[in-house]
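Working notes for the structure below.
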Number of protein chains: 2
Amino acid sequence: MEKPILSESQEDYLKEIFKLRELNLNVSMQDLANKLNVKPPSVTGMVKKLCAMNLVEHEPYKGVQLTETGEKIALEILRHHRLLELYLAKHLNYSWDEIHEEAERLEHVISEKFEAAIAELMDHPTHDPHGDPIPSADLVIPDSPELAPITLHKTGHQLTISRVMSQDKDILNLLSRLELIIGRKITIKGNESTGVRLKVNENQYLIPHSIAKLVWCHDDEKAD
Amino acid sequence: MEKPILSESQEDYLKEIFKLRELNLNVSMQDLANKLNVKPPSVTGMVKKLCAMNLVEHEPYKGVQLTETGEKIALEILRHHRLLELYLAKHLNYSWDEIHEEAERLEHVISEKFEAAIAELMDHPTHDPHGDPIPSADLVIPDSPELAPITLHKTGHQLTISRVMSQDKDILNLLSRLELIIGRKITIKGNESTGVRLKVNENQYLIPHSIAKLVWCHDDEKAD
DNA sequence: AAAAATATTTAGTTATAGCTAATAATATAT
DNA sequence: ATATATTATTAGCTATAACTAAATATTTTT
Ligand SMILES: [Mn+2]
Ligand SMILES: [Mn+2]
Ligand SMILES: [Mn+2]
Ligand SMILES: [Mn+2]
């Protein structure tokens with residue numbers, strides 16, 4: 001009674017609405033079309049259907065948002081996705097940039113049993129390999145430390161890389177070659193017009209702002 | 001060039017044609033409709049499409065069979081399925097009767113990387129938990145010992161259960177409760193009108209023919 | 001060789017989820 | 001306030017993969 005059967009497409013819409021809402025204030029039809037790689041008329045059609053199912057609400061030109069039921073489903077899929085990513089990395093030797101694509105397909109087909117089995121095996125983890133929080137079995141998002149992109153942190157401070165806001169293979173590959181991975185301590189040496197100068201281990205890099213703003217860090221020196 | 005992209009449905013058709021061909025001489029449209037839980041007109045339509053793709057050949061009233069390309073794809077899916085079944089059983093604590101359903105969905109979405117990873121982890125196994133042979137990475141079916149259903153073996157002989165020809169949850173559950181599992185040694189005590197009397201460990205059972213014929217065994221006493 | 005039974009196909013329908021081109025509604029800029 | 005740009009929707013089309021009801025072809029039985 002509680003669980004309507006949704007198509008993979010519908011699940012992806014709900015998940016994407018959730019993720020966009022986490023960032024933006026409101027989610028436009030355009031935003032969804034971009035993220036889901038479909039055209040706006042397709043979004044209109046699907047959002048209409050999801051409205052009818054009471055999974056989303058839509059005020060044209062104002063935004064789409066999830067109902068309580070819709071959010072639960074989104075969190076369920078997100079949990080699948082992030083548990084899978086961690087599982088693939090830890091148990092099947094996938095690299096950072098390979099996990100997203102595989103999880104994107106598997107998330108829709110694993111059973112609750114599969115979900116529970118890998119969660120158990122990994123001792124109920126709270127964050128995936130990108131630093132994204134994994135909703136708990138009862139669909140609560142765990143607290144994360146206070147984070148901000150490198151570009152917003154103070155020069156001179158020591159930071160811990162805690163989350164990477166991209167699933168792009170090339171970006172992730174680049175970051176891991178520069179050792180800019182989750183948990184790494186870095187120091188901002190300076191903010192220049194072309195990018196941010198960082199000290200990573202013994203090395204120094206100038207990374208472009210476009211990359212820097214994707215890397216979210218905790219400030220180890222901040223007192224609060 | 002070598003790999004057309006097929007729908008899940010199409011993959012299931014190819015797999016089912018392969019499995020039926022292993023048993024029957026020819027595979028009718030009806031057979032396929034039954035196995036795939038669709039109606040005959042749906043089969044006509046899909047077989048026509050698969051013919052056009054050169055994956056199957058069809059002589060009406062005579063049967064459907066796979067082309068070389070079609071067979072390769074069928075074996076690829078079968079490999080996914082059987083590797084997954086074994087993986088679920090060995091690494092995620094699934095029981096005998098739970099693995100099939102999950103593998104049925106996962107088989108279509110795992111990548112070649114995933115396939116390779118679990119094959120490696122399990123040391124390139126040749127048989128799944130039902131005793132079904134797992135096609136190798138280059139799609140060759142491994143040799144199995146000479147097997148026949150319990151119903152065709154000689155009274156008094158000691159047998160080793162080597163393959164179970166069912167994916168039905170209830171049947172598998174029943175069999176495992178009776179300890180009639182892969183690798184178990186049994187002895188046929190007699191063939192009666194209602195069924196076959198077996199000695200399993202220290203116990204004796206009379207199991208109906210309908211069940212007995214699903215359990216395929218190797219004759220440990222046969223000299224050949 | 002007909003008749004009956006079985007197997008297969010055709011014709012026409014449905015549902016899902018996309019698309020383009022055109023239209024309408026709203027927001028923004030002048 | 002009006003014009004322009006942006007955003008969203010409608011209308012109509014496509015493809016996939018089912019379905020039912022009816023027609024046709026083949027095999028089997030009498
Ligand atoms: Mn997905
Ligand atoms: Mn992630
Ligand atoms: Mn399947
Ligand atoms: Mn099996």
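Chain naming here is simple, since letters A, B, ... match the order of the sequence lines and numbering starts at 1 in each.
Atom CG in A:L32 sits roughly 15 Å away from atom P in C:dA17 (whole-Å rounding). Remark: C1' of D:dA15 and CD1 of B:I5 are 15 Å apart, rounded to the nearest angstrom. The nearest whole Å value for the distance from the NE2 atom in B:H108 to the P atom in D:dT16 is 18 Å. Rounded to an integer number of Å, the gap from NZ of B:K48 to P of D:dT16 is 14 Å. Between the CG atom of B:N26 and the C1' atom of C:dT8 there is a distance of 14 Å, rounded to whole Å. Rounded to an integer number of Å, the gap from CG of B:L6 to P of D:dA15 is 18 Å. As rounded to whole Å, 13 Å separates atom C1' of C:dT8 from atom CG of B:D31. Taking atom CG of A:L36 as the reference point, atom P of C:dT16 lies 18 Å away to the nearest angstrom.
Listed by first and then second residue, the salt bridge (Lys or Arg N to Asp or Glu O under 4.0 Å) pairs involving residues 32-49 of chain B amount to none (not counting sequence neighbours).
For A:E57, the salt bridge (charged side-chain N to carboxylate O under 4.0 Å, His left out) test picks out no residue, with sequence neighbours left out. The side-chain hydrogen bond (donor to acceptor under 3.5 Å, both in side chains) test applied to B:E71 returns no partner, not counting sequence neighbours. Every residue meeting the side-chain contact (heavy atoms from CB on, under 4.5 Å) condition with B:A119, not counting sequence neighbours, appears here in chain and number order: B:R79, B:L83, B:H124. Listed by chain and number, the residues in a salt bridge (charged side-chain N to carboxylate O under 4.0 Å, His left out) with B:K154 amount to none (sequence neighbours excluded).
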Classify every nucleotide of nucleotides 17-30 of chain D by which part a protein heavy atom approaches to under 4.0 Å, writing B for the base, S for the sugar-phosphate alone and - for neither, in 5'-to-3' order.
SSBBB---BS----

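At a threshold of 4.0 angstrom between heavy atoms, the contacts of B:Q30 include nucleobase atoms, whether or not backbone atoms are also involved.
Look at B:H58 and you'll find a side-chain N or O under 4.0 angstrom from OP1 or OP2 of C:dT9.
In the model, B:D12 has a side-chain atom that pairs as donor or acceptor with a side-chain atom of B:H108 under 3.5 Å.
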